Amino acid sequence: MSVSGGALDLSQVLTLEVFPPHIVLGGSTGINETVTAVIGATDVRQLAHTPPGALVVFAREHLPLEEPQAEIALRLARSSNAAGVVAEQPPGRLSAATVRLADKFRMPLIAVPDLDPHRLTTALDAVIRAPEFEAMRSLQDLIETIGSSHNDEAKLLPALRTALGGRVALINAAGRVLGGDDDTLGAVEAGEIEHVCARDQPVASEVTEAGGDTVHLQPAVSPWRTAADLWIAARVPQSSTVDVRIVRQILVVAALAFSAQFSRTALAAERENRERALLLTEIIDQADSPRRATIERAASLGWRLSGWHMAVQVSIAQRRDDPPSPQVIIDIEAALARQGVRTSLVEKPDGWVFWVTQETEPQSAEILDLTRRVRRSLLEAGRDHPHVQLSAGVGRPHQGTKGIDASLREAHHGCLVARASETPAAVEHVDAMNVQRLLTGWYSSEPVRTTAEQFLAPLMDADPSGELVHTLRSYLDHESSTTTTAIVLGVHRNTVLQRLTRIRMLLPLDLSRPDERLVAHLATRGSDFGQSPKS
């Protein structure tokens, strides 16, 4: 008994050139059922075990249609939901009872003169399984590409696109496209993508647009964690002839290739991180007089030991049990580069550090500018890693090799303070911390608190939840940037604008005037109202 799979309806099969002249003796009302398999059978009892949609072919010696066993064959074919029964045309007339039974069961009974079952099943097999054969060839081509491309993403994505006949992309857990076709996700809701990709235990899934294509999501699981930060998304059009099982197989093979690439990249990064960490230890230990080998190794990495240095320490606190993915570090470095800070983070036991160097002593404006760039970078990277809390500390500028160590120590202290803050992507600079300590004492005085609460009373009367006051404080804390305020509060920018309009209507002040803006800022800082409203 030979089995083959396909996907045409019986009426189409009967019109194929490979199908010989025939007569539909009965059951013609079922001729539009899908044919999923072609089977050459040698015993009527095999019909009880055929897959649904099978077209079963008998030689005359195995099923003479004029004999009573033809009715048995029809009953068994109906029980297994076969697509039809093909046998050799009998020499005489078929019994009326057999025809009536075929019509009753809507089971096509097809007679072929001089039937050669082996030749017919072989010919139909090649036609019906053509889409499957094509998909298998695509899978083979993909495997060959993987073997010759050394898992290069630039070659893997086009090969995957060819194999599936649709758009493909590499995305992160937040649904942002990192490579490939930007329109792969199409009109699929971001919430649906995040629901699938943010799971602690990643599972291959499918999301279908309303009346549209299917988007397959395959985790490119890496060995360093259980959750998946990177996914392969593939949009398979409705018209595709590739069987969904083949699509899944192709994506699994591609995921293995991507996972191997990520693992290799992670191992290389781990070696580089270890070498940079050892070199930083040497620099600090030899701060008085660095050895020539140390200076040369630092130079090869682009590290300057002379000049004025400002160090930054970044804390990456995971809100889940598993350790942070190396992708977080990659994304932070990329975000820093987009802010004009090109550097490589160096791992230490208590965080990740880097420093920037210039010839002359940095002024206050330059220190503030670096602090802002770091915070913008952490905010950007944090959007793609919702389960990670990012914070940082910035040290004061110090000169020479000893200055690197001094600024790193201050950055460490600043990072500890920032990490204790509930503000997303908090960044603390040592000098700013000193000012903050002075202001904290001022805020705690009873006259200041009373005045501040009286000033903000209109907002609290209109909104007892405290959202308006909290929005105002956040807006002023972030230099009157509605975009940054929206990110920090986790709301849309239009929501911030609407709240500010309401605040201006309730408070007798003009936020465009520096003095009045300062009064409002001090008031939000000097009262309990400015704290985050409790949910």
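FYI, the numbering just counts along the sequence from 1. Since this is a predicted model, take the numbers as computed values, not measurements.
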- Item | Steps toward side-chain hydrogen bond (donor to acceptor under 3.5 Å, both in side chains) verdict (Q286, T294) | CA-CA 9 Å; Q286 303 169 23; T294 301; 3.0 Å; yes
- Message: Strictly by salt bridge (charged side-chain N to carboxylate O under 4.0 Å, His left out), give each pair with a member in residues 329-343 just once, sequence neighbours left out.
- Response: R338-E380
Close side-chain approach of [X] to [Y], heavy-atom, < 4.5 Å:
| X | Y | value |
| --- | --- | --- |
| H309 | P397 | no |
| E366 | Q358 | yes |
| Y475 | I503 | no |
| L408 | I284 | yes |
| D288 | K402 | yes |
| I316 | W352 | yes |
| L280 | W355 | yes |

- Task: Start with the C-alpha gap between E361 and R396, add the side-chain angles, then the distance that decides, and say whether salt bridge (Lys or Arg N to Asp or Glu O under 4.0 Å) holds.
- Result: CA-CA 10 Å; E361 183 176 2; R396 288 176 294 191; over 6 Å; no
- Task: Just do the side chain to side chain contact (heavy atoms under 4.5 Å, CB included) check on L500 and T482 with the steps written out, would you?
- Result: CA-CA 9 Å; L500 290 173; T482 54; 3.9 Å; yes
Closest heavy-atom pair and its distance - [X], [Y]:
| X | Y | answer |
| --- | --- | --- |
| P290 | A287 | CD-O, 4.1 Å |
| L378 | S391 | CD1-C, 3.8 Å |
| E359 | W308 | O-CD1, 3.3 Å |

- Task: Check step by step if side-chain hydrogen bond (donor to acceptor under 3.5 Å, both in side chains) holds for T371 and H429.
- Result: CA-CA 7 Å; T371 304; H429 181 257; 5.3 Å; no
- Where do V215 and L217 land on the side chain to side chain contact (heavy atoms under 4.5 Å, CB included) test, with the steps shown first? CA-CA 6 Å; V215 176; L217 299 171; 4.2 Å; yes
- Task: Please step through side chain to side chain contact (heavy atoms under 4.5 Å, CB included) for the pair D463 and V469, ending with a clear verdict.
- Result: CA-CA 9 Å; D463 174 32; V469 178; over 6 Å; no
- Query: Distance-only, no hydrogens or angles: does the T495 side chain make a donor-acceptor pair with backbone N or O of V491 under 3.5 Å?
  - Reply: no
- Please check if the side chain of R167 supplies one atom and the backbone of L185 the other of a donor-acceptor pair under 3.5 Å. no
- Message: Show, in sequence, the C-alpha distance, side-chain angles and deciding distance for D405 and H398, and conclude whether the side-chain hydrogen bond (donor to acceptor under 3.5 Å, both in side chains) test is met.
- Response: CA-CA 9 Å; D405 183 32; H398 293 274; over 6 Å; no
- Using a strict 4.0 Å threshold on nitrogen-to-oxygen distance, state whether E428 and R419 make a salt bridge. no
- Taking only Lys NZ, Arg NE, NH1 and NH2, and the carboxylate oxygens of Asp or Glu, determine whether R297 and E282 approach each other closer than 4.0 Å. yes
- R375 and H478: side-chain hydrogen bond (donor to acceptor under 3.5 Å, both in side chains), yes or no, with the steps? CA-CA 11 Å; R375 185 156 197 274; H478 299 100; 3.1 Å; yes
- Query: Stepwise, does the side chain to side chain contact (heavy atoms under 4.5 Å, CB included) test hold for L489 with T471?
  - Reply: CA-CA 8 Å; L489 298 180; T471 299; 3.7 Å; yes
- Task: Check whether more than 12 heavy atoms from other residues, nucleotides or ligands sit under 6.0 Å from atom CZ of R161, and answer yes or no.
- Result: yes
